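Reading through the structure tokens given below for one structure.
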Amino acid sequence: MSPLTDFSIYLSGRNQLLLALAHEITEKLDACVSNPVSHEPRVRASDLMWLWTLGAYEVTRTICQARECFSDRFYRDVADLKLDLERVRVPNTKMEKIKYDRKAPAIPVPSNRAPDAWDDANKDLLVGDPVKAVSARSLLRHYDRVMSSLTVEDVKMSHEDSFAAPARSPSG
């Protein structure tokens with residue numbers, strides 16, 4: 001059983017779904033060949049990658065919002081992963097360039113573009129902002145690495161218990 005179940009059975013199930021989806025995306029990418037007769041595996045991998053990014057971001061966002069439930073080590077790793085996912089999610093879902101100043105005006109990512117680019121040498125999708133595209137394979141591996149690193153000791157309390165826990169001090 002995954003250590004994530006100690007935090008949330010529901011979220012652990014979503015994580016298992018994301019890992020299975022990542023495996024399917026990788027299989028589709030592996031099936032792509034140069035100048036294929038059918039682009040079906042690549043198109044399917046692209047479609048699944050868009051959905052996977054949404055789900056993976058939401059799982060990491062939920063974990064980051066419950067910071068007190070996890071060890072500092074795991075929290076740092078998942079927060080870094082969340083930023084990597086955000087760099088892809090924002091251009092793909094909000095169709096905006098990533099910005100860190102929430103008061104700054106939004107800058108659009110062109111909407112008359114393909115959902116991703118293709119890296120033929122690595123059989124990989126390049127996703128997110130076309131100017132700063134990210135390797136889909138790399139993002140899938142990063143998610144797997146971080147989520148697989150979670151141990152029972154990293155989970156300090158359940159999701160529900162965090163609502164009853166006293167709030168952390170601003171310095172803590």
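Model, not experiment: these values are computed from the prediction.
Rounding to the nearest 0.5 Å places CZ of R73 at 7.0 Å from CG of L150. To the nearest 0.5 Å, the span separating CZ on R141 from OG1 on T26 amounts to 8.5 Å. Considering OH of Y75 and OG of S71, their distance stands at 12.0 Å, rounded to 0.5 Å. Once rounded to the nearest 0.5 Å, the distance linking CG of N15 with CD1 of I63 reads 7.0 Å. Interatomic distance, CZ of R42 versus CG of D124, reported as 10.5 Å (0.5 Å rounding). Annotation: the span from K123 atom NZ to C32 atom SG amounts to 7.5 Å, rounded to 0.5 Å.
Here H142 pairs with nothing under the ring pair (Phe, Tyr, Trp, His ring centres under 6.0 Å) rule; sequence neighbours left out. In terms of the salt bridge (charged side-chain N to carboxylate O under 4.0 Å, His left out) criterion, D6 has no residue partners (sequence neighbours excluded).
In terms of modelled atom types and a separation under 3.5 Å, the side chain of D154 and the main chain of T151 share a donor-acceptor contact.
Atom CG of L51 is surrounded by more than 12 heavy atoms from other residues, nucleotides or ligands within 6.0 Å. Few gaps surround CZ on R61; more than 12 heavy atoms of other groups in view lie less than 6.0 Å from it.
You'll find the side chain of L17 reaches within 4.5 Å of the side chain of R14, heavy atoms only. Residues V127 and R89 have side chains not in contact (no heavy-atom distance under 4.5 Å, counting atoms from C-beta outward). In this structure the side chain of M157 reaches within 4.5 angstrom of the side chain of E68, judged on heavy atoms. Between H159 and L11 there is no side-chain heavy-atom pair separated by less than 4.5 Å.
At least one test fails for R145 against the ring of Y143: distance under 6.0 Å to the centre or angle within 45° of the axis.
A tilted orientation is assigned to the rings of F74 and F70, their planes being inclined by 30° to 60°.
Between W52 and the choices L19, D47, L18, the side chain to side chain contact (heavy atoms under 4.5 Å, CB included) rule is met once, by L18.
Side-chain contact annotation: Y57 with D84, donor-acceptor N/O pair under 3.5 Å absent.
Counting only residues at least two apart or on different chains, no ring pair (Phe, Tyr, Trp, His ring centres under 6.0 Å) pair has a member in residues 113-140.
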